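All figures in this text were calculated on a predicted structure; none of them were measured in a lab. Note on naming: letters A, B, ... go to the chains in the order of the sequence lines (proteins, then strands), and numbering restarts at 1 for each one.
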2 protein chains.
Amino acid sequence: MQKQQYLSKNQKIVLDHVEKANQPLKAYSILYNVQKKGLKAPLQVYRALDKLVEIGKIHKIESRNAFVACKNSNCLVSNATAFSICESCEKVTEINNSKLSKYLSNFEDNSGMKYSKYNLEFFGLCKKCKNK
Amino acid sequence: MQKQQYLSKNQKIVLDHVEKANQPLKAYSILYNVQKKGLKAPLQVYRALDKLVEIGKIHKIESRNAFVACKNSNCLVSNATAFSICESCEKVTEINNSKLSKYLSNFEDNSGMKYSKYNLEFFGLCKKCKNK
DNA sequence: TCGTATATTGTTATAATATAACGTTATGTA
DNA sequence: TACATAACGTTATATTATAACAATATACGA
Ligand SMILES: [Zn+2]
Ligand SMILES: [Zn+2]
Ligand SMILES: [Zn+2]
Ligand SMILES: [Zn+2]
């Protein structure tokens with residue numbers, strides 16, 4: 001079997017929903033909202049999310065246990081991600097900065113190891129929240 | 001009341017246990033192991049962990065939902081952390097690299113924002129696992 | 001087109017992670 | 001002392017995620 005080219009029914013439904021949100025969604029909130037489309041159980045959502053994360057269409061915000069659609073056509077494979085997270089309003093933005101990604105992809109630790117895969121989460125206050 | 005100077009009883013018990021482990025521990029594994037010392041409920045462990053994370057003695061490995069003692073005397077405040085994680089044996093190492101931390105602390109996103117707080121997780125294979 | 005391997009689905013139950021809500025006790029400070 | 005804050009203890013519950021099993025769909029070569 002070839003590497004999957006097209007998304008399955010459940011994968012499409014979940015991706016559609018997450019893309020429309022424009023912000024990270026929790027798995028059970030996704031579940032609740034796609035129940036009218038036939039996905040009844042958590043596993044159906046988690047399985048779709050797993051695949052979508054694997055192929056880079058969706059990223060998991062680890063510190064929030066939430067899922068957001070990729071806004072960065074560069075990370076077709078979900079192995080090098082960076083986000084900024086507002087600690088007040090929880091707004092999350094995917095960072096698309098080639099200098100940063102180059103720096104991190106080329107980073108060598110003290111033992112000389114390189115890592116092509118990473119996840120970086122910045123925390124602070126977004127502009128709106130800073131001006132309150 | 002002053003900013004806390006000394007750890008409380010439960011905080012000491014949990015920190016002791018996590019420091020001896022030398023690897024990330026799950027909250028419920030900590031709970032199980034400190035029950036002989038009197039911590040009976042999850043909340044007792046989670047509250048101690050919360051405080052210890054807040055003061056930088058312990059870090060949470062977000063992608064693993066696990067907790068590890070800080071090996072880096074520099075991050076007395078737990079706001080700028082970096083780890084390497086082996087995807088095969090799950091070995092986790094805290095990265096202590098001043099160039100990296102300077103680069104990330106000074107990083108400005110496209111809107112000009114800086115973030116003093118971040119968490120970075122690198123993924124790959126540790127030396128042992130690579131040579132298998 | 002048949003056989004086979006792999007991917008996806010559907011379903012129920014359960015595991016693992018984390019917090020709410022309440023009241024009590026300890027500790028620091030005026 | 002009186003007051004505020006921090007820590008503790010306890011029970012119940014919320015939230016996040018996976019195990020296990022059976023069925024169906026899809027791709028592809030013989
Ligand atoms: Zn992306
Ligand atoms: Zn904000
Ligand atoms: Zn540290
Ligand atoms: Zn390893």
Between [atom2] on [N] and [atom1] on [X], what's the gap in Å once rounded to a whole number?
X	N	atom1	atom2	result
L25(A)	dT16(D)	CG	P	12 Å
L7(A)	dA7(C)	CG	C1'	13 Å
I13(A)	dT9(C)	CD1	P	9 Å
Q44(B)	dT17(C)	CD	P	18 Å
Q11(A)	dT8(C)	CD	P	5 Å
L49(B)	dA16(C)	CG	P	18 Å
R64(B)	dA17(D)	CZ	P	13 Å
I55(A)	dA7(C)	CD1	C1'	13 Å

Between [options], spot the one nearest the side chain of [X], thanks.
X	options	value
N10(B)	dC8(D), dA20(D), dT19(C)	dC8(D)
L43(B)	dT9(C), dT11(D), dA18(C)	dT11(D)
K51(A)	dT17(C), dT8(C), dT11(D)	dT8(C)
K9(A)	dA18(C), dG9(D), dT9(C)	dT9(C)
R47(A)	dT11(C), dA21(C), dA18(C)	dT11(C)

Exercise. Do you know which two heavy atoms are closest between A69(B) and E19(B), and how far apart they sit?
Worked result: CB-CG, 3.6 Å
Exercise. Does anything in residues 26-42 of chain B reach DNA chain C, meaning a heavy atom under 4.0 Å, and if so which residues?
Worked result: K26(B), Y28(B)
Exercise. So, do F122(A) and F107(B) have ring centers that fall under 6.0 Å from each other?
Worked result: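 Centroid distance F122(A)-F107(B): below 6.0 Å, so yes.
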For this session: Return yes when atom NZ of K40(A) has more than 12 non-hydrogen atoms of other residues, nucleotides or ligands closer than 6.0 Å, and no otherwise.
Result: no
Exercise. If we ignore angles and hydrogens, is there a donor and acceptor under 3.5 Å between the side chains of N119(A) and E121(A)?
Worked result: yes
Exercise. Has N65(B) got a side-chain N or O lying under 4.0 Å from the OP1 or OP2 atom of dA18(C)?
Worked result: yes
For this session: Please state whether the phosphate of dC8(D), meaning OP1 or OP2, lies under 4.0 angstrom from any side-chain nitrogen or oxygen of S8(B).
Result: yes
For this session: May I ask you to decide if the ring planes of F83(B) and H59(B) are parallel, tilted or perpendicular, using 30° and 60° as cut-offs?
Result: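 Because their plane-to-plane angle is over 60°, the rings of F83(B) and H59(B) count as perpendicular.
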Exercise. Once the angle between the rings of Y28(B) and Y46(B) is folded into 0 to 90°, is it parallel (under 30°), tilted (30 to 60°) or perpendicular (over 60°)?
Worked result: perpendicular
For this session: Answer with yes or no whether the hydrophobic clustering places V92(B) together with Y115(A); edges join I, L, V, M, F, W, Y residues whose side-chain heavy atoms lie under 4.5 Å apart.
Result: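 They do not share one cluster, since no chain of ILVMFWY contacts under 4.5 Å joins V92(B) to Y115(A).
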